[in-house]
Amino acid sequence: MVHSSPAPVRRVVFQYLVPVHVEVEDDLVVRVTVIDETPVRDPDVVEGDPEYLAQAVAAADDGQDGPSWQFGY
């Protein structure tokens with residue numbers, strides 16, 4: 001019986017700065033919108049394989065329209 005082992009998963013977690021819109025009313029933050037259409041610049045590896053970073057950044061920044069996230073009411 002032949003057992004094939006699956007290819008190891010390449011994984012890296014990175015972080016980078018993105019613009020954030022913050023809406024304040026009467027000294028309270030009521031909405032925060034993360035704009036994620038910003039190209040990845042100066043990523044820092046948080047965990048995982050740093051040798052996979054360049055390929056992971058290319059996959060994350062492939063020109064697709066990305067969603068924005070809003071927090072608040």
Side-chain angles (χ1 to χ4, degrees):
M1 178 178 239
V2 176
H3 293 279
S4 62
S5 58
V9 175
R10 295 175 299 159
R11 181 174 189 275
V12 66
V13 178
F14 63 90
Q15 63 185 16
Y16 67 103
L17 299 176
V18 296
V20 175
H21 294 181
V22 179
E23 186 175 330
V24 178
E25 295 177 358
D26 296 328
D27 298 330
L28 293 174
V29 176
V30 294
R31 181 174 304 181
V32 176
T33 304
V34 177
I35 310 299
D36 69 348
E37 296 163 355
T38 303
V40 177
R41 300 229 192 279
D42 303 321
D44 291 319
V45 173
V46 175
E47 66 179 71
D49 182 1
E51 292 184 15
Y52 181 49
L53 179 62
Q55 189 174 348
V57 167
D61 195 20
D62 64 1
Q64 296 179 41
D65 291 336
S68 295
W69 293 279
Q70 293 186 357
F71 305 94
Y73 62 85

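For the single chain, residues carry numbers from 1 onward in sequence order.
Apart from Val13 itself, the hydrophobic cluster it occupies contains Val46, where clustering links Ile, Leu, Val, Met, Phe, Trp and Tyr at side-chain heavy-atom distances under 4.5 Å.
Taking both residues in full, the closest heavy atoms of Val32 and Val20 are given as CG1-CG1, 3.2 Å, listed atom of the first, atom of the second, then distance. Summarising the geometry of Val12 relative to Val45, their closest heavy-atom pair is CG2-CG1, 3.9 Å, with the distance given to 0.1 Å.
The pair Arg11-Glu47 meets the salt-bridge criterion, since a charged nitrogen lies less than 4.0 angstrom from a carboxylate oxygen.
Both Val34 and Tyr16 sit in one connected hydrophobic cluster of ILVMFWY residues. Membership requires side-chain heavy atoms under 4.5 Å apart, directly or through other members.
Atoms CZ and CG, from Phe14 and Asp44 in turn, are 10.5 Å apart once rounded to the nearest 0.5 Å.
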